[in-house]
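Each chain gets a letter, A, B and so on, in the order its sequence line appears, and its residues count up from 1.
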Amino acid sequence: MRNIGIIFRRELAAYFATPVAYVFIVIFLVLAGAFTFYLGNFYERGQADLDPFFGFHPWLYLFLVPAISMRLWAEERKSGSIELLMTLPVTQGEAVMGKFLAAWTFCGIALGLTFPLWITVNYLGQPDNGVILAAYVGSLLMAGAFLAIGACISATTRNQVIAFILTVVICFGFLLSGFPLVLDLFQGWTPQWFTDAIAQLSFMTHFSTLSRGVVDLRAVVYFGLVIGFWLTANAIVLDLRKAD
Amino acid sequence: MIETERLTKRYGNLLAVDDLSFSVGQGEVLGFLGPNGAGKSTTMKMLSGFLAPTEGIARICGFDIEKEPVKAKREIGYLPEGAPTYGEMTPATFLDFVADIRDLRGDHKRRRLDEVTSRLHLEPVLLQPIDTLSKGYKRRVGLAQAIIHDPRVLILDEPTDGLDPNQKHEVRSLISEMAADKIIIISTHILEEVHAVCDRAIIIAQGRILADETPAGLEARSPRHNAVTLRLGDTAIDAVRPALESLAGVAGIETHDDGGMTVLPIGGAELLPAVGRLALERGWDVSELQVESGQLDEVFRQITSADVGQETRT
């Protein structure tokens with residue numbers, strides 16, 4: 001546990017030691033705002049809620065979260081520091097957790113900085129703040145799931161661009177696995193239960209329950225399982241491919 | 001104590017390390033020598049727990065590096081090849097991070113941090129990002145990181161690569177000072193370094209041990225071992241040559257451009273007394289007379305370029 005904390009602090013500090021963190025946060029906030037007000041018709045709807053804001057999160061995350069996760073391990077491989085980290089007395093699990101939690105916290109900070117929107121909507125009307133809180137929780141959980149996928153992919157390569165693209169593609173698959181675009185790929189040649197199972201994996205459906213304010217335990221467990229699965233895979237990938 | 005048993009590493013079809021067995025005890029400084037691609041770094045990566053061996057076992061202070069990796073790694077200070085660090089950190093924050101992971105706390109931690117920064121002269125750059133430092137400083141940050149917890153085992157992959165002669169000298173004396181109560185393994189292709197710091201040298205090529213001896217023992221394998229070099233004052237070289245050649249135990253004579261000549265022995269026989277006596281008897285004007293100890297680089301070339309299959313394996 002102590003080691004997770006130490007790695008966590010180092011990683012989190014690393015984000016802010018370079019312009020990466022600030023660039024990311026600014027772009028995230030600008031896009032989140034632009035989507036909400038222009039594409040989401042925040043004012044025109046005349047409703048005191050943050051639906052237009054949260055509705056775009058899956059799409060924002062699809063491109064922005066892989067930009068965070070791509071460097072997690074690929075950069076360590078590239079610079080060789082993975083050799084240093086892996087020969088320190090830490091377990092793979094501790095390293096994976098420390099890095100993941102730092103990246104997740106960083107996402108949380110970016111997400112938290114959208115609070116002016118929450119203030120705006122409270123100023124303009126009387127929104128159901130319980131719903132907004134649930135949506136924030138759901139959004140953070142979904143970001144964690146994207147990150148866990150990205151962390152695992154990042155561990156497979158030393159090339160950050162490859163990590164980014166693969167992560168976007170896989171996340172896109174998970175995002176839309178409840179939609180015909182993905183389901184049609186499996187329909188017909190796989191058994192029905194398999195197609196149904198794929199449909200159940202959709203980030204979109206689980207996120208939309210949460211963002212409507214329903215703290216559905218199944219959705220929370222679902223995101224927890226996705227994160228757990230990909231982080232375990234991450235540790236296994238590291239174990240299999242430490243060098244190069 | 002470091003022990004390896006039949007340590008082997010394969011990358012696909014490539015046999016990088018082939019059946020390496022050796023052990024190193026406390027107080028020993030072992031030098032790994034070998035041409036590039038000989039398997040030195042791969043061996044060190046396996047000893048430090050970074051790479052899993054394909055076959056065989058490595059034990060560090062009794063801990064199997066594969067079965068009890070964390071316990072084994074606690075005993076090791078490791079400088080990977082190229083001294084990688086986190087470039088965006090400063091030496092201060094980086095060393096602090098390593099000290100935390102190494103479980104150093106409170107006063108002890110502060111004392112160790114102070115000691116390694118002053119030992120490696122890192123004070124002027126403590127607050128600069130490591131990325132902006134010179135190669136020499138980067139290497140020293142890597143070294144500082146390796147010794148911060150005063151480990152029982154030090155594994156240093158090319159510790160003096162990229163350092164200037166003064167820094168090299170300092171790092172070597174640092175290694176020699178620490179040697180008494182530690183096990184130190186260094187890899188290098190600078191042969192004078194072996195002479196300067198190691199009390200044992202293992203030469204590997206193509207993943208196999210070709211020689212395992214003291215540096216002096218290696219030098220004794222040189223055709224120049226015990227050769228006598230003399231420089232003559234007024235006497236002409238041609239005048240003394242036949243007499244020297246007829247001495248017992250002389251294999252041949254080399255003349256140098258600067259007027260000196262070297263008498264090579266057969267099988268490392270001692271020539272100095274005979275040569276000295278001869279010079280006295282004949283009344284040669286000898287201005288300089290010295291015994292060669294043999295040259296490591298010559299031995300190195302001789303061993304590593306020989307057919308690997310025919311070499312005896314130790």
### Query
Is B:Asp103 salt-bridged to A:Arg2, cutoff N-O under 4.0 Å?
yes

Minimum-distance pair of heavy atoms, taken over all atoms of [X] and [Y]:
X       : Y        : value
A:Leu84 : B:Tyr86  : CD2-CE1, 4.4 Å
B:Thr85 : A:Ser79  : O-OG, 4.4 Å
A:Ser81 : B:Pro84  : N-CB, 3.7 Å
A:Pro89 : B:Lys73  : CA-CB, 4.0 Å
A:Ile6  : B:Ile101 : CG2-CG1, 3.7 Å

Contacting moiety of [X], where chain B heavy atoms sit under 4.5 Å:
X       : answer
A:Glu75 : neither
A:Ala14 : both
A:Thr18 : side chain

### Query
Going through the distances and angles, do B:Phe97 and A:Arg9 end up as a side chain to side chain contact (heavy atoms under 4.5 Å, CB included)?
CA-CA 9 Å; B:Phe97 163 70; A:Arg9 280 196 302 278; over 6 Å; no

### Task
Look at atom NZ of B:Lys182 and say whether more than 12 heavy atoms of other residues, nucleotides or ligands are closer to it than 6.0 Å.
yes

### Query
Is it true that atom NZ of B:Lys109 has more than 12 heavy atoms of other residues, nucleotides or ligands lying nearer than 6.0 Å?
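Yes.
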
### Query
Is it the side chain or the backbone of B:Pro80 that comes within 4.5 Å of chain A heavy atoms, both, or neither?
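Its backbone and side chain both get close to chain A.
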
### Task
Heavy-atom distances under 4.5 Å only: say whether B:Glu75 touches chain A with side chain, backbone, both or neither.
neither

### Message
Can you tell me which of A:Arg10, A:Met86, A:Glu94 forms the most heavy-atom pairs within a distance under 4.5 Å of chain B?
### Response
A:Arg10

### Best-contacting candidate, A:Leu88, A:Thr87, A:Thr91, against chain B by heavy atom pairs under 4.5 angstrom
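Looking at each of A:Leu88, A:Thr87, A:Thr91 in turn, A:Thr87 comes out on top.
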
### Query
Which of residues 121-138 of chain B get closer than 4.5 angstrom to chain A, counting heavy atoms alone?
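The list, in residue order, is empty: none.
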
### Query
What residues form a side-chain hydrogen bond (donor to acceptor under 3.5 Å, both in side chains) with B:Asp107, not counting sequence neighbours?
B:Arg110

### Message
Nearest 0.5 angstrom please: B:Glu88 CD to A:Phe16 CZ, how far?
### Response
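The distance works out to 13.0 Å.
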
#### Entry: Residue selection (most heavy-atom pairs with chain A, distance under 4.5 Å) from B:Ala83, B:Ala72, B:Ser48, B:Ala146
B:Ser48

